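First comes the structure, then the notes that go with it.
Scope of the values below: all heavy atoms of this structure, side chains included, with no hydrogens, waters or symmetry mates. Given the structure is predicted, the values throughout are model-derived calculations rather than measurements.
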Amino acid sequence: MMTLKPLGLALCALSLATPLIWFPAIAQGRDAVALFSQYLGIWALIAMALAQIISTRLTPVEALFGGLDRAYVLHKWLGIGAMVAILLHDTIDAEMRGLGQETLLVEVAETAGELSLYGLLILVVITIATFIPYHLWRWTHRLMGAFFTAGAFHYLAILKPFDNGDPLGLYTGVFCILGILAFAYRLLPSHLRPSRRYDVTAVTRTGNALAIDMRPNGRGIKAQPGQFAFFQFEGEAPHPFTLSALVAPDGSLRISMARLGDATHRLHHRLQAGAKVQVEGAYGRFNRPRGAKRELWIAGGIGITPFLAWAAAKQDETPVDLVYCVRSADSAAHLEELHTLAANAPNLTLHLHESASAGRLTTEALLDKTKADPRDLHVAYCGPSALREALQKGLSKRGLSQRRFHYELFEIRTGIGLRKLAAHLQKRITERNV
């Protein structure tokens, strides 16, 4: 199982803890509670700056955290943690005596702090409330950097028990500047960031999906099978899609798009050959495992896309079972292509699981189809999270190491488990009443 790299987590933790080095000297003769509130405010600023840096999607970010999908999980929790810290900072009185006379600038900074607090609170609620439409979330999420900038101004201009030129002031100020620069970078038009221009060459319906072939208008992106990129079609916001095919040497590629939201519904109806696309990437660490005795690839619906690219790439002799879960064969994207790939690769066996007739895929059905021993497997999964969690749990009980179950958290926006918590509580209440 892929996890956040320890180095990235350690650097974040170190960045948030470093201000404590200077607090003992500042604390002499001062109110400890107010000083703790000051630290919470600094902690929130650094956390928000780190979240802004992660949102740039620059190459070092992915390398540091072991994949952009994992980095975005950290991005989410940094934002939630910063919000909690800001609320505590606002609740706990941070005022200290003898810091100087309040001026008009200080009063403006106080107002900026309040604006930052309530603005960020609203945006965090919108972020974790995943039922709010994506386009609304994305539009409001861009304001996060503006409220961070207001918070940075509050910090720089407010009265505090140290100067901006002191080591602690300089340290926090550097994070404020980095966060603002990261915010400004994300505001740049896509053509001013590291991206490539592509032309759509073909649009083909396959099952319930849309296969979109495109050719670079100049130099293409560098990508490996299993990676994803952000695609901005004319009139639409950038969206991440996994590459379902890579064509060398001209750099052509293909994505396969299911109708999962407003934007993809619109593109299904209006996208045609000749359309212009701005592509940013590629990202991801969803690579084939090395040294496996036997591989099991499990695809749920449009989750077949990385496995199409894997199967088309140069194969080794490792036996591979590909289990493709769809509602019915008619809805399966690229099914004919998969049959061809399996026919040309003796070590690749395709298993189609049609839930309309066979029901939801279970661990028992999975092992019965493949005749595999979980202790010998390396599993790669791409599909709905509920099915992943069920299969992961079932295979683990039968001897599969969690380290040999690979998947990508292909969700840029996620909640915080409120629905699961509500379902768990409802289940407990029902059990008690029975």
Side-chain angles (χ1 to χ4, degrees), residues 2-23 37-90 113 116-117 119-121 123-128 137-138 140-156 164 167-188 193-194 283 285 409 411-414 416:
M2 294 176 290
T3 57
L4 275 163
K5 280 188 176 180
L7 177 60
L9 282 173
L11 286 176
C12 284
L14 183 63
S15 299
L16 294 165
T18 295
L20 292 172
I21 296 172
W22 296 290
F23 270 86
S37 179
Q38 296 273 345
Y39 171 67
L40 287 173
I42 290 173
W43 193 99
L45 276 173
I46 296 172
M48 285 190 290
L50 292 170
Q52 291 291 328
I53 292 168
I54 289 173
S55 71
T56 63
R57 303 200 291 257
L58 292 171
T59 301
V61 170
E62 186 168 41
L64 185 61
F65 295 107
L68 193 63
D69 59 324
R70 267 55 182 178
Y72 267 110
V73 172
L74 179 61
H75 169 89
K76 176 186 73 173
W77 288 109
L78 283 170
I80 293 171
M83 193 67 258
V84 172
I86 292 173
L87 285 170
L88 290 172
H89 170 72
D90 185 65
S116 177
L117 167 64
L120 289 169
L121 178 59
L123 295 184
V124 168
V125 169
I126 291 175
T127 297
I128 62 178
W137 165 78
R138 186 179 179 278
T140 57
H141 201 68
R142 299 188 73 172
L143 297 173
M144 196 75 78
F147 290 123
F148 168 76
T149 302
F153 170 70
H154 168 80
Y155 160 78
L156 292 170
N164 290 330
L168 176 56
L170 290 171
Y171 179 84
T172 310
V174 166
F175 277 96
C176 290
I177 293 170
L178 290 175
I180 292 170
L181 290 176
F183 168 56
Y185 174 79
R186 288 308 308 166
L187 290 179
L188 292 174
R193 299 195 303 268
Y283 302 104
R285 296 289 190 272
L409 295 169
E411 295 178 335
I412 299 302
R413 178 193 181 196
T414 58
I416 57 173

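- Rounding to the nearest 0.5 Å gives a distance of 11.0 Å between CG of Leu50 and CG of Leu45.
- Shown here for Trp22 and Pro167, the closest heavy-atom pair between the two residues is NE1-CB, 3.3 Å.
- With Tyr171 contributing its side chain and Thr18 its backbone, the two residues share no donor-acceptor pair below 3.5 Å.
- Here the OG1-CH2 distance, from Thr172 to Trp43, works out to 13.5 Å after rounding to the nearest 0.5 Å.
- Side chain of Tyr72 to backbone of Ile54: no donor-acceptor contact under 3.5 angstrom is found.
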Is there a ring-ring contact (aromatic ring centres under 6.0 Å, His included) between Phe148 and Phe183 once you walk through the steps? CA-CA 9 Å; Phe148 168 76; Phe183 168 56; 8.4 Å; no

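- For the pair Ala152 and Ile180, the tightest heavy-atom approach, listed with the atom from each and the gap, is CB-CD1, 4.2 Å.
- In terms of heavy-atom proximity, Ala47 sits nearest to Ala82 at CB-CB, 4.0 Å.
- Side-chain atoms of Arg70 and Lys5, non-hydrogen and from C-beta on, never get closer than 4.5 Å to each other.
- Of all non-hydrogen atoms in Pro19 and Tyr39, the two that sit nearest each other are CB-CE1, 4.1 Å.
- Between His154 and His89, the angle of the ring planes goes over 60°, which puts this pair in the perpendicular group of the 30/60° scheme.
- Atom OH of Tyr185 sits about 14.5 Å away from atom CG of Leu178, to the nearest 0.5 Å.
- Between the CE atom in Met144 and the CD atom in Gln52 there is a gap of 8.0 Å [rounded to 0.5 Å].
- Between the side chain of Arg57 and the backbone N or O of Leu68, no donor-acceptor pair lies under 3.5 Å.
- With values rounded to the nearest 0.5 angstrom, Leu74 atom CG is found 12.0 Å from Asp69 atom CG.
- The SG atom of Cys12 lies 4.0 Å from the CZ atom of Phe65; values are rounded to the nearest 0.5 Å.
- Counting heavy atoms from C-beta outward, Leu87 and Leu117 have side chains that approach closer than 4.5 Å.
- Side-chain contact between Pro194 and Thr59: absent, with no pair of heavy atoms (C-beta onward) separated by less than 4.5 Å.
- For the residue pair Ile86 and Met48, the shortest heavy atom distance occurs at CD1-CE, 3.8 Å.
- Looking at every heavy atom in both residues, Leu168 comes nearest to Phe23 through CD2-CE1, 3.7 Å.
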